Chemist: 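What follows is a structure written as structure tokens; I'll ask about it next.
Residues: numbered from 1 along the sequence shown. Because the structure is predicted, anything quoted here is derived from the model rather than measured.
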Amino acid sequence: MDKAQLFKRLFAITMDELSVFTNFDETVSGAMLKLDLAARTRHIIHAVQLEDMWQSLDEESNLNKLYLSMRLSPMTLCSVLHFEEDMNCLEWRLVMPKYDDIDAYDKPTCFGEYLEAIDRVEIIDIDDYDIEEVCSFIDQAYDFTPHRNHPRPWQSSL
């Protein structure tokens, strides 16, 4: 199994949980305010726990990027107790352009449009994990059935 499968799974979980946390038709500023507060308090949204949110200058593009860091929630970690691999340290980040740095004619009008501008998903220390084991854990801990039966526009098949 390749790394892309893990990225797809974490991205699908993230989008699901963010859609529970805030409406995708909400204003970008309102949603970002909620996310910032949630990240500061390490808020748990069902399967994920928000860890941190910050901005940093991207050396390649020379633009500021916004990072939203997440881990699996305690509920998710406990859902597969017999698993031998430690998933407690699995951390990933959504990397998106800073809203203020987006050109005026390309500026998203709502949070859902802003999420479409995501540059990438980063998985911290990805080479330290057995991708097949991590995907197996996630498949046992999270129900991807809705994604298989009714794919969402942002997702490719899992």
Side-chain angles (χ1 to χ4, degrees), residues 2-77 87-129 131 134-135 138 141-144 146-158:
D2 63 354
K3 292 178 183 177
Q5 291 302 314
L6 179 56
F7 282 100
K8 287 178 187 179
R9 283 167 173 77
L10 292 176
F11 185 74
I13 291 170
T14 301
M15 291 298 113
D16 283 352
E17 301 308 295
L18 288 178
S19 71
V20 169
F21 183 68
T22 187
N23 292 325
F24 282 4
D25 61 352
E26 186 172 347
T27 65
V28 175
S29 61
M32 296 309 291
L33 203 59
K34 283 182 189 176
L35 279 176
D36 183 47
L37 178 59
R40 289 178 197 221
T41 59
R42 300 182 71 203
H43 186 77
I44 295 170
I45 313 169
H46 303 292
V48 301
Q49 178 172 322
L50 300 177
E51 288 288 308
D52 201 2
M53 191 164 99
W54 70 94
Q55 71 179 12
S56 181
L57 185 64
D58 184 58
E59 294 176 5
E60 292 178 19
S61 67
N62 208 27
L63 294 172
N64 284 311
K65 299 293 180 179
L66 189 66
Y67 294 80
L68 179 61
S69 176
M70 287 161 269
R71 291 181 188 252
L72 296 172
S73 71
M75 175 189 76
T76 304
L77 294 168
M87 295 293 111
N88 192 44
C89 295
L90 180 64
E91 181 180 350
W92 68 98
R93 300 173 182 156
L94 288 184
V95 181
M96 45 199 143
K98 183 178 171 192
Y99 184 76
D100 294 340
D101 290 349
I102 299 173
D103 291 330
Y105 60 88
D106 286 333
K107 263 202 200 311
T109 58
C110 64
F111 184 61
E113 287 179 11
Y114 182 55
L115 287 176
E116 291 175 10
I118 290 174
D119 287 340
R120 64 188 177 275
V121 175
E122 293 179 348
I123 302 173
I124 308 309
D125 298 326
I126 190 169
D127 294 327
D128 293 347
Y129 292 98
I131 301 303
V134 176
C135 288
I138 291 172
Y142 196 81
D143 182 12
F144 288 102
H147 296 279
R148 290 183 184 104
N149 296 335
H150 305 286
R152 298 194 175 145
W154 44 261
Q155 128 193 41
S156 57
S157 64
L158 295 170

Chemist: So, do Leu35 and Leu18 sit near enough that their side-chain heavy atoms are less than 4.5 Å apart?
Modeler: yes

Chemist: Do Asp119 and Pro97 make a side-chain contact, defined as non-hydrogen atoms from C-beta onward lying under 4.5 Å apart?
Modeler: yes

Chemist: Kindly write out the residues that satisfy side-chain contact (heavy atoms from CB on, under 4.5 Å) with His46, not counting sequence neighbours, or none if the list is empty.
Modeler: Glu17, Val20, Met75

Chemist: Go through the structure and list residues passing salt bridge (Lys or Arg N to Asp or Glu O under 4.0 Å) with Lys107, not counting sequence neighbours.
Modeler: none

Chemist: How would you list all residue pairs meeting ring-ring contact (aromatic ring centres under 6.0 Å, His included) that involve residues 90-109, not counting sequence neighbours?
Modeler: Tyr99-Tyr114

Chemist: Does the Tyr129 side chain pair with the main chain of Leu90, one donor and one acceptor, at a distance under 3.5 Å?
Modeler: yes

Chemist: Hey, mind stepping through Leu10 and Met70 against side chain to side chain contact (heavy atoms under 4.5 Å, CB included) and telling me if it holds?
Modeler: CA-CA 10 Å; Leu10 292 176; Met70 287 161 269; over 6 Å; no

Chemist: Looking at Pro74 and Ile44, what are the two nearest heavy atoms and their distance?
Modeler: CD-CD1, 3.7 Å

Chemist: For residues 48-68, pull every pair meeting ring-ring contact (aromatic ring centres under 6.0 Å, His included), keeping only residues two or more places apart or in separate chains.
Modeler: Trp54-Tyr67

Chemist: Looking at residues at least two apart in the chain, or sitting in another chain, which of them share a salt bridge (Lys or Arg N to Asp or Glu O under 4.0 Å) with Asp36?
Modeler: Arg40

Chemist: Does a side-chain N-to-carboxylate-O contact under 4.0 Å join Asp127 and Lys3?
Modeler: yes

Chemist: I'd like to check the side-chain hydrogen bond (donor to acceptor under 3.5 Å, both in side chains) partners of Asn64; sequence neighbours left out, ordered by chain and number.
Modeler: none

Chemist: Less than 4.5 Å apart, side chain to side chain, heavy atoms only: is that true for Phe24 and Ser19?
Modeler: yes

Chemist: How close do Val121 and Phe7 get, counting heavy atoms only, and between which atoms?
Modeler: O-CE2, 3.0 Å

Chemist: Thr41: what forms a side-chain contact (heavy atoms from CB on, under 4.5 Å) with it, not counting sequence neighbours?
Modeler: Leu37, His43

Chemist: Passes side chain to side chain contact (heavy atoms under 4.5 Å, CB included), Met15 versus Ile118? Steps please.
Modeler: CA-CA 11 Å; Met15 291 298 113; Ile118 290 174; 3.7 Å; yes

Chemist: Using side-chain heavy atoms (C-beta onward) and a distance below 4.5 Å, is Leu63 in contact with Lys98?
Modeler: no

Chemist: For the atom pair CG (Asp101) and NZ (Lys65), what is the distance rounded to the nearest 0.5 Å?
Modeler: 8.5 Å

Chemist: About how many Å separate CZ of Arg9 and CD1 of Ile131, when rounded to the nearest 0.5 Å?
Modeler: 10.5 Å

Chemist: Working note: Ile138 + Leu6, criterion side chain to side chain contact (heavy atoms under 4.5 Å, CB included); need CA distance, chi angles, decisive distance, verdict.
Modeler: CA-CA 9 Å; Ile138 291 172; Leu6 179 56; 3.6 Å; yes

Chemist: Are any non-hydrogen side-chain atoms of Glu51 and Arg42 less than 4.5 angstrom apart?
Modeler: yes

Chemist: Going by heavy atoms in the side chains, are Met87 and Thr76 under 4.5 Å from each other?
Modeler: no

Chemist: Give the minimum heavy-atom separation between Ile13 and Ala47, together with the two atoms involved.
Modeler: CG2-CB, 4.2 Å

Chemist: Residues two or more places apart in sequence or in another chain: which of them pass salt bridge (Lys or Arg N to Asp or Glu O under 4.0 Å) with Glu91?
Modeler: Arg71

Chemist: Please identify each residue that fulfils side-chain contact (heavy atoms from CB on, under 4.5 Å) with Ala31, with sequence neighbours left out.
Modeler: Thr22, Glu26, Phe111

Chemist: List for me each residue that meets side-chain hydrogen bond (donor to acceptor under 3.5 Å, both in side chains) alongside Asp58, sequence neighbours excluded, and say none if there are none.
Modeler: Ser61

Chemist: What pairs with Asp2 under side-chain contact (heavy atoms from CB on, under 4.5 Å), at least two apart in sequence or on another chain?
Modeler: Ala4, Gln5

Chemist: Asp25: which residues meet the salt bridge (Lys or Arg N to Asp or Glu O under 4.0 Å) condition with it, sequence neighbours left out?
Modeler: none

Chemist: In Å and rounded to the nearest 0.5 Å, what is the OG to CD1 distance from Ser69 to Ile124?
Modeler: 6.5 Å

